[in-house]
2 protein chains.
Amino acid sequence: MTMQAMQTARVVPMKKSDRTREEILRSAARLFRDRGYHASTLREIAQEAQIKAGSIYYHFGSKDEIIDEVLDLGLREVFNAVHAVMEADRDNPDHRARIGRAIREHLNLLVAHGEFTSANIRIYGQLPEDVRARHRPLRRQYAQLWEDLLSEARDAGAVRSDIEIVPLRQFLLGALNWTVEVFRPDRGSLDIHADRCMALVLDGISTGARNRL
Amino acid sequence: MTMQAMQTARVVPMKKSDRTREEILRSAARLFRDRGYHASTLREIAQEAQIKAGSIYYHFGSKDEIIDEVLDLGLREVFNAVHAVMEADRDNPDHRARIGRAIREHLNLLVAHGEFTSANIRIYGQLPEDVRARHRPLRRQYAQLWEDLLSEARDAGAVRSDIEIVPLRQFLLGALNWTVEVFRPDRGSLDIHADRCMALVLDGISTGARNRL
DNA sequence: CCTACCGATCGGTAGG
DNA sequence: CCTACCGATCGGTAGG
C-alpha cells in the first residue's frame, strides 16, 4: 500500500460498513442540532443515511449509543487540537497571545467539525441526566484545560487578579460558542472573527471590567 | 370592589380556571426549557399542573397553542419593559448610559420571568418552522428596538462607526441572554451582573475592537 | 375538568 | 443490511 493510499484510507474509510456508520453519525448530529434529541427519530436518521430504520441496529445498540458517540466526537477533537496548541505555547511569556491562539484554535475546530460541535453545544442542556453523566468527564477535562491557561495568565498579571477563574472560563467559552452558532463564519473570515472575540472578551477582562466576575 | 381588591385581582386571577390555565403555561415553560419541546409531553405538563392529561384541552386546543403562548409571554413583557425604558430615555444625550439602562432592564426582565424567557431563548432554534414563523414578527420588533438604539448611538459617535448594527445587536443580545442562562443571578446581584456585561461588551465595542463586526 | 379511548408513531427486536 | 412486527407512548377526542 502506497503512502498516498494510506492517507486516503484515513480520510475516507475503506470498508463500506464504516462509511455507513459515519453517515449515520453525521445524519444524527445534523438532526440533533436542528431539532433536538427527542424530536430526531431513528427513522429520520436512517433515511438521511440512506438505509432502513431497522438497519441502524446493525451499527449501534441503541439511540443512546448514537448520542454518546456524537457528543464525544464533537468535543474530543476540539480537546485534542486546543490541548496541542496550548502545549506548543507552554513557555511563551505573552499570556495574551497564548490565550488568543487557544481561542483561535477553539473557533477553528468548531467550524471544522460543524455538525458535531454544534449538536454538542445546542442539545447538551436538554439531554437525559444519564447521558449527560457519561459525557461529563470529557467536559470537565476540557474546562480544566482553559482554567489552567487562565490561572497562569492571572498569576502572571495578564488578567485582573480579582476575576474568578471558573466564571471567567464559563463566560469566555460560552461567548465563543455563542458567536459561532450565530455567525457561522466561513474559513476565510475566521481570523477576523477570532480577533473580534479577542477584542470583545479579553479587552473587557484585562482593562474594562469594573466588577468581580 | 376596593382599589386594593382590584390590584390583587390583577396579580392573582380570581377565577380558578384562569389560575389552572396559568399553571399549565408555567409548567409547560419549565418543561420546554429543561427538556426541549418534543420531549415535553402533554401528560407531564398536566401532571405538573396537577390536572389530568385530557383536561389540558379544556384550556388549549393543541400543543402548538401552548408553545405559541409560552413564546409570546416570554418576549412580550421584555419588549414592553425595555421599550418603556428606551422611551423615557429618548432625549438623553449620554448614549452609553441609554444603552446601559436598556441592558439593565433587559436583564431584569429575563430574571423576573425566568421560565418563559429561558424557554424562549433555549428552544426557539429547535421548533418546527410554522411555530417559529408565527413568533417571528415579535422577535423582529424587539430586534428593531435595539437596532434603533444602537444606530443612534453610532450616529452620535458613541459606538465605533465601522461596526455594523445587525451583527452588533446579535452579539449583544446573544451575550446577555447567554450570561443569564449560565449565571442565573438572583435579584441582588443583578446590578453587578449588568455592570459586568456593560464592561465586557460595551468597552469592547467602543474602544477595544480592532476589526469590523 | 375527568374517564376511556383512538390512530399514529416511537425505539427496539426476530429472523433472515 | 432489510422486512415485518412488538409493546409503549404520544397528541388528541368523545361523552359526560
Side-chain angles (χ1 to χ4, degrees), chain A residues 12-71 119 123 126-132 134, chain B residues 12-71 119 123 126-132 134:
Chain A
V12 181
M14 303 195 71
K15 292 207 300 189
K16 192 184 169 199
S17 73
D18 285 350
R19 245 177 289 144
T20 301
R21 193 188 144 87
E22 277 197 11
E23 202 46 56
I24 293 171
L25 287 170
R26 197 175 305 275
S27 303
R30 264 196 301 266
L31 281 163
F32 291 159
R33 176 194 64 191
D34 294 338
R35 310 194 194 175
Y37 178 61
H38 285 91
S40 305
T41 67
L42 293 176
R43 282 161 174 82
E44 284 175 308
I45 293 169
Q47 196 176 5
E48 290 259 319
Q50 303 191 41
I51 57 174
K52 299 295 174 182
S55 307
I56 285 189
Y57 289 89
Y58 174 79
H59 299 277
F60 299 93
S62 68
K63 195 180 178 184
D64 272 11
E65 268 187 29
I66 298 177
I67 184 68
D68 283 346
E69 195 153 338
V70 167
L71 290 175
I123 68 175
Q126 296 178 345
L127 294 173
E129 171 53 26
D130 57 317
V131 177
R132 277 206 299 256
R134 285 194 296 274
Chain B
V12 181
M14 305 193 69
K15 292 206 299 186
K16 191 185 168 198
S17 72
D18 284 351
R19 246 177 290 143
T20 301
R21 193 188 143 87
E22 277 198 12
E23 203 45 56
I24 293 172
L25 287 170
R26 196 176 305 275
S27 303
R30 263 197 300 266
L31 281 164
F32 290 160
R33 177 195 64 187
D34 293 338
R35 310 194 195 176
Y37 178 61
H38 285 89
S40 306
T41 67
L42 294 177
R43 283 161 173 82
E44 283 176 307
I45 294 170
Q47 195 177 4
E48 290 260 318
Q50 303 191 40
I51 58 174
K52 298 296 175 182
S55 308
I56 285 190
Y57 290 89
Y58 174 79
H59 300 278
F60 299 92
S62 67
K63 195 180 178 183
D64 272 11
E65 270 187 28
I66 298 178
I67 184 69
D68 282 346
E69 196 152 336
V70 167
L71 290 175
I123 68 174
Q126 297 181 344
L127 293 173
E129 171 53 26
D130 56 319
V131 177
R132 276 206 299 256
R134 286 195 296 275

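All values below come from the heavy atoms of this structure, side chains included, with hydrogens, waters and symmetry mates left out. In the text below, chain A, chain B and the rest are named by the order of the sequence lines, each starting its count at 1.
For the pair A/Ile56 CD1 and D/dC1 C1', the computed distance is 12 Å after rounding to whole Å. Atom-to-atom, CD of A/Gln47 to C1' of C/dC10 comes out at 15 Å; the value is rounded to the nearest Å. Between the CD1 atom of A/Ile24 and the C1' atom of C/dG11 there is a distance of 15 Å, given to the nearest Å. Computed from coordinates, the B/Glu44 CD to D/dG11 P distance equals 9 Å when rounded to whole Å. Remark: P of D/dA4 and NZ of A/Lys52 are 11 Å apart, rounded to the nearest angstrom. What separates CD of A/Glu65 from P of C/dG11 is a distance of 15 Å, to the nearest Å. Note: CZ (A/Arg19) to C1' (D/dC1) measures 15 Å, nearest angstrom. Between B/His38 atom NE2 and C/dT9 atom P there is a gap of 13 Å when expressed in whole angstrom units.
Of the candidates C/dC1, D/dC1, C/dC10, the closest approach to any side-chain atom of A/Tyr58 belongs to D/dC1.
Put simply, CD1 on B/Ile45 and CG on B/Leu31 are 6.0 Å apart, with the number rounded to the nearest 0.5 Å. Rounded to the nearest 0.5 angstrom, B/Ile123 CD1 and B/Leu71 CG are separated by 5.5 Å. Rounding to the nearest 0.5 angstrom, the gap separating the CD atom in A/Glu65 from the CZ atom in A/Arg134 is 9.0 Å.
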Could you pull out the protein-nucleic contacts involving nucleotides 12-16 of chain D (nitrogen or oxygen on both sides, under 3.5 Å)?
{"residue": "D/dG12", "atom": "OP2", "partner": "B/Tyr57", "partner atom": "OH", "Å": "2.9"}
{"residue": "D/dG12", "atom": "OP2", "partner": "B/Lys63", "partner atom": "N", "Å": "2.8"}
{"residue": "D/dG12", "atom": "O5'", "partner": "B/Tyr57", "partner atom": "OH", "Å": "3.2"}

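Classification of B/Glu22 and B/Arg19 as a salt-bridged pair fails, no side-chain N sitting under 4.0 Å from a carboxylate O. The residues A/Arg26 and A/Glu48 are annotated as not salt-bridged, no charged nitrogen and carboxylate oxygen being separated by less than 4.0 angstrom.
The closest donor-acceptor contact from the side chain of B/Arg35 to the backbone of B/Ser40 lies at 3.5 Å or more, if one exists at all. Between the side chain of A/Lys63 and the main chain of A/Thr41, no donor-acceptor pair closer than 3.5 Å is present.
Base-pair partner of D/dG16: C/dC1 (Watson-Crick or G-U wobble, both distances under 3.5 Å).
Contact check, B/Thr20 against C/dC1: a side-chain N or O comes under 4.0 Å of OP1 or OP2.
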